[in-house]
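See structure below.
As the structure lists them, so they are numbered: ligands from 1, and atoms in each ligand from 1.
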Amino acid sequence: MSTRHQRSSSGAAALISARGLNKSYGVTEALRGASLDLHAGEILAVTGASGSGKSTLLHCLSGIVRPDAGTVMYDGEELGGLPEDRLSVLRRDDFGVVFQFGQLIPELTALDNVALPLLLAGTRRGEANERAGEWLERFGVRGQAALRPGGMSGGQSQRVALARALVTGPRAVFADEPTGALDALSGEQVMTALVHTARETSTAVLLITHDAQIAAYADREVTLRDGAVGSGPAEAVGPEAARREN
Ligand code: ADP
Ligand code: MG
């Protein structure tokens, strides 16, 4: 459906390409000229100290927040040029988001939480439930299908949140410290599930973390400092930019 792609210096088409993003909150400059490419199917870790602008960058890339300056190209379209209703559809159909605390709907069961994005996109209840069940299975939490978030462990909740983010078949998943509130073992289980599924479905993942062990799951890592991504093009930041093996 797209006709235009941004090309990175390596020649591969970028799914999402951000250039020169600025975003201020009052006198705080959260982003100062941040540029970054996320390629189709790649797992990219974004690291950086607390307050360096990681969450703000994720919000701009995923169309949740509009930057004050700079551009975000997604599959040939500039997000800043899209009307709000088109942006909402894009967020619903093409992007999945996972936060540090899963932010599941507390009144709904795990199954209903995962089925919800499908229902919102017009899928019929029976099929939505079936697919939601399959995704719970994939993330090893089918046994928790009838539980509400309050009855699950943190790791189980995050795996349900991942299922919810992936159930619609998004092209990109944005995960903001998805293991930040978990113990090491649960964090590993969540990451293993995410990475395995992203590879299987060729979903691009932007993974924010300040944990080097978690960043090691990614293909590539960039670091934010004071609202900017390293120096020079995003592809060329640091020795950690080399492809990692899991
Ligand atoms: P990180 O995720 O790396 O910790 P953030 O993107 O959350 O960084 O924040 C970057 C800077 O912007 C911080 O100084 C933070 O306090 C500020 N900031 C972020 N969001 C807001 C907001 N909604 N209102 C005011 N300040 C904000
Ligand atoms: Mg943050």
Side-chain angles (χ1 to χ4, degrees), residues 16-38 42-74 79-80 84 87-88 91 95-104 149 154-155 157-159 161-162 164-165 170 172-184 186-188 190-191 194-195 198 204-235 237-238 240-241:
I16 299 180
S17 191
R19 290 294 174 270
L21 299 183
N22 286 352
K23 179 70 191 175
S24 292
Y25 294 102
V27 294
T28 305
E29 293 181 294
L31 292 179
R32 298 194 297 180
S35 297
L36 167 148
D37 285 338
L38 178 67
E42 101 170 314
I43 301 176
L44 174 64
V46 176
T47 56
S50 178
S52 59
K54 302 183 299 295
S55 294
T56 305
L57 179 64
L58 179 146
H59 296 150
C60 288
L61 294 177
S62 57
I64 294 171
V65 160
R66 289 184 194 266
D68 300 331
T71 56
V72 179
M73 297 293 295
Y74 166 68
L79 295 189
E84 196 53 50
L87 208 49
S88 301
R91 282 195 302 254
F95 297 162
V97 184
V98 184
F99 298 100
Q100 182 171 353
F101 301 98
Q103 299 186 348
L104 297 171
S157 294
Q158 281 304 64
R159 281 184 277 157
L162 288 177
R164 183 181 59 176
V173 167
F174 301 89
D176 195 349
E177 315 226 19
T179 62
L182 304 180
D183 60 78
S186 310
E188 258 171 55
V190 165
M191 282 310 302
L194 173 59
V195 167
V205 178
L206 186 107
L207 170 68
I208 290 184
T209 181
H210 53 237
D211 181 338
Q213 306 243 42
I214 296 297
Y217 283 91
D219 300 318
R220 194 161 69 89
E221 178 179 342
V222 297
T223 303
L224 264 183
R225 286 186 194 84
D226 298 331
V229 179
S231 59
E235 291 75 17
V237 174
E240 67 273 41

Counting distance only, does the side-chain N/O of K54 pair as donor-acceptor with the main-chain N or O of T223 below 3.5 Å? no

Please step through salt bridge (charged side-chain N to carboxylate O under 4.0 Å, His left out) for the pair R19 and D37, ending with a clear verdict. CA-CA 9 Å; R19 290 294 174 270; D37 285 338; 3.1 Å; yes

Within ligand 1, which atoms have a heavy atom of A49 less than 4.0 Å away? 3 (O)

Using protein heavy atoms only, decide if any is under 4.0 Å from atom 15 (C) of ligand 1. no

Considering residues, nucleotides and ligands other than Q213, do more than 12 of their heavy atoms fall under 6.0 Å from its CD? no

Determine whether the side chains of T179 and Q158 contain a donor N or O and an acceptor N or O closer than 3.5 Å. no

Using a strict cut-off of 4.0 Å, indicate which atoms of ligand 1 neighbour a heavy atom of G53. 1 (P), 3 (O), 5 (P), 6 (O), 8 (O), 10 (C)

As a test of the contact definition, would atom 12 (O) of ligand 1 count as having a protein heavy-atom neighbour under 4.0 Å? yes

Tell me which protein heavy atom sits closest to atom 25 (C) of ligand 1, plus the residue, atom name and distance to 0.1 Å. Y25 CB, 3.3 Å

How far is atom 9 (O) of ligand 1 from the closest protein heavy atom, and which atom is that? T56 OG1, 3.9 Å

Kindly assign one of parallel, tilted or perpendicular to the pair Y74 and F95, based on the angle between their ring planes and the thresholds 30° and 60°. perpendicular

Which residue and atom name correspond to the protein heavy atom nearest atom 17 (C) of ligand 1, and how close is it? T28 CG2, 3.9 Å

Quick test: of every protein heavy atom, which one is nearest to atom 4 (O) of ligand 1, and how far off is it to 0.1 Å? G51 N, 2.7 Å

Could you pull out the closest heavy-atom pair between G33 and N22, with the gap in Å? N-OD1, 2.7 Å

Within the stated cut-off of 2.8 Å, is an N/O/S atom of S50 closer than that to the Mg ion (ligand 2)? no

Do the side chain of S35 and the main chain of G20 share a donor and acceptor less than 3.5 angstrom apart? yes

May I ask you to check whether A30 has an N/O atom sitting below 3.5 Å from an N/O atom of ligand 1? no

Between L224 and L57, does the side-chain contact (heavy atoms from CB on, under 4.5 Å) criterion hold? Intermediate values first, please. CA-CA 9 Å; L224 264 183; L57 179 64; 4.1 Å; yes

Atoms in ligand 1 flagged as close to S55, the criterion being non-hydrogen separation under 4.0 Å: 1 (P), 2 (O), 6 (O), 7 (O)

